[in-house]
There are 2 protein chains.
Amino acid sequence: MDADGIHGQLDTLILATLKRGEAHGYAIITALKELSGDRLDLPSGTVYPALRRLERAGSISGTWTVGEGRRRRVYALTEDGLKALEKGLGDWRSLREVMGAVLGT
Amino acid sequence: MDADGIHGQLDTLILATLKRGEAHGYAIITALKELSGDRLDLPSGTVYPALRRLERAGSISGTWTVGEGRRRRVYALTEDGLKALEKGLGDWRSLREVMGAVLGT
DNA sequence: AGACTACATGTAGTTCATCTACATATCAAG
DNA sequence: CTTGATATGTAGATGAACTACATGTAGTCT
């Protein structure tokens with residue numbers, strides 16, 4: 001599944017991943033792939049811009065580190081990010097309820 | 001909730017509504033509002049283009065009628081539309097599973 | 001009779017989250 | 001030395017959504 005299939009939920013998924021612990025971009029992509037049982041396969045061209053958006057919005061904060069000689073930008077949830085995650089979970093719950101009501105599932 | 005909140009699911013919702021019985025555009029908008037417990041409130045500028053797309057794709061067929069002196073375009077599911085609905089339901093199921101796996105809900 | 005709302009159909013231009021295609025850099029494996 | 005994995009991205013294109021507005025007809029209220 002690509003991000004188009006989860007349109008609008010990517011931010012929530014990223015925030016939920018960071019709730020588990022701080023991570024750098026590439027690790028977030030890998031975590032989402034693994035947590036979803038290899039169903040999500042998001043390109044970096046989708047995820048890195050989303051990380052930038054979330055950082056600009058104040059939901060996450062990033063710091064540069066070096067791991068095995070490679071630059072890494074490690075991200076962590078902020079207080080605002082926790083709130084954004086709660087809102088995202090609420091939005092997802094609403095979507096599920098609306099879809100359930102109309103589709104009868 | 002607007003269609004942005006259900007991005008990508010609008011077609012499936014329309015097809016599911018037409019599975020209940022043929023309907024004209026305005027009635028589809030009303031049905032979605034009622035079935036969702038007033039949570040969906042879709043503008044005609046979103047729904048009418050979606051109906052055109054589905055008709056062009058062969059998923060629904062439309063005919064002009066006159067009801068109470070007003071023109072109505074009444075839509076019905078086609079065989080292709082039933083298949084598209086099944087696929088949409090499968091996509092929705094996948095999304096739910098992926099979100100559940102990552103969010104733990 | 002006129003204003004307003006509901007019932008009907010739309011279209012145009014804008015927005016922006018996604019895509020694909022690439023780019024650069026460094027380490028590990030063969 | 002080459003290739004793949006691990007890292008970071010950006011640019012331009014796409015298309016499903018939005019808002020704003022248009023036209024037309026019937027019903028309701030003053």
Side-chain angles (χ1 to χ4, degrees), chain A residues 1-15 17 22-34 38 40-57 59-60 62-75 84 88 91-92 95 98-99, chain B residues 1-15 22-34 38 40-57 59-60 62-75 84 88 91-92 95 98:
Chain A
M1 184 176 288
D2 51 21
D4 201 44
I6 58 168
H7 193 112
Q9 315 294 340
L10 178 57
D11 289 6
T12 301
L13 290 172
I14 289 174
L15 295 174
T17 303
E22 64 178 30
H24 58 286
Y26 191 84
I28 291 167
I29 292 171
T30 304
L32 286 172
K33 192 176 199 307
E34 285 169 3
D38 284 343
L40 277 179
D41 196 2
L42 304 173
S44 67
T46 296
V47 178
Y48 287 97
L51 288 169
R52 287 301 173 133
R53 276 199 314 273
L54 286 165
E55 195 173 5
R56 266 200 320 275
S59 297
I60 64 180
T63 44
W64 285 106
T65 68
V66 173
E68 284 110 52
R70 302 183 187 106
R71 288 183 305 133
R72 284 175 175 171
R73 192 159 180 82
V74 178
Y75 296 96
D91 291 348
W92 167 244
L95 174 58
V98 161
M99 293 296 288
Chain B
M1 184 175 287
D2 52 21
D4 200 43
I6 59 168
H7 194 112
Q9 315 297 340
L10 179 56
D11 289 6
T12 301
L13 290 172
I14 290 174
L15 294 173
E22 63 180 31
H24 58 286
Y26 191 85
I28 291 168
I29 292 172
T30 304
L32 287 171
K33 192 175 199 305
E34 286 170 2
D38 284 344
L40 277 179
D41 196 2
L42 303 175
S44 68
T46 295
V47 178
Y48 287 97
L51 288 170
R52 286 305 172 128
R53 276 199 314 272
L54 286 166
E55 196 173 5
R56 266 199 319 273
S59 296
I60 65 180
T63 44
W64 285 106
T65 69
V66 173
E68 285 110 49
R70 303 185 189 105
R71 286 182 306 135
R72 284 175 174 170
R73 190 159 181 83
V74 177
Y75 297 95
D91 291 349
W92 166 244
L95 173 58
V98 161

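Bear in mind the structure is a predicted one, so any value in this text is a computation, not a measurement. Throughout, protein chains are lettered first and strands after them, A, B, ... in sequence-line order, and every chain is numbered starting at 1.
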Colleague: Under 4.0 Å, heavy atoms only, any strand: does A/Gly25 hit a base, just the sugar-phosphate, or nothing?
Modeller: sugar-phosphate
Colleague: Going by modelled atom types, is there a donor-acceptor pair between the base of D/dT8 and the side chain of A/Arg71 at under 3.5 Å?
Modeller: no
Colleague: Verify the contact: side-chain N or O of B/His24 to OP1 or OP2 of C/dA8, cut-off strictly under 4.0 Å; return yes or no.
Modeller: yes
Colleague: Just the rounded figure in Å: distance from C1' of C/dA17 to CD of A/Gln9.
Modeller: 12 Å
Colleague: Please determine whether a side-chain nitrogen or oxygen atom of B/Arg73 lies at a distance below 4.0 Å from atom OP1 or OP2 of C/dA8.
Modeller: no
Colleague: Can you tell me if B/Arg53 touches the phosphate of D/dA16, counting only side-chain N or O atoms and a distance under 4.0 Å to OP1 or OP2?
Modeller: yes
Colleague: For B/Gly45, report the nucleic acid contact type (base, sugar-phosphate, nothing); a contact means any heavy atom under 4.0 Å.
Modeller: base
Colleague: Is the phosphate of C/dT26, meaning OP1 or OP2, less than 4.0 Å from a side-chain N or O of A/Arg70?
Modeller: no
Colleague: From CG of A/Leu32 over to P of C/dT18, roughly how many Å is that when rounded to an integer?
Modeller: 12 Å
Colleague: Look at all strands and tell whether B/Gly67 reaches a base, only sugar-phosphate, or nothing, counting heavy atoms closer than 4.0 Å.
Modeller: nothing
Colleague: So which one's nearest nucleotide on DNA chain C is more toward 5', A/Ala3 or B/Thr30?
Modeller: B/Thr30
Colleague: Can you tell me the distance, in whole Å, between the OH atom of A/Tyr48 and the C1' atom of D/dT6?
Modeller: 9 Å
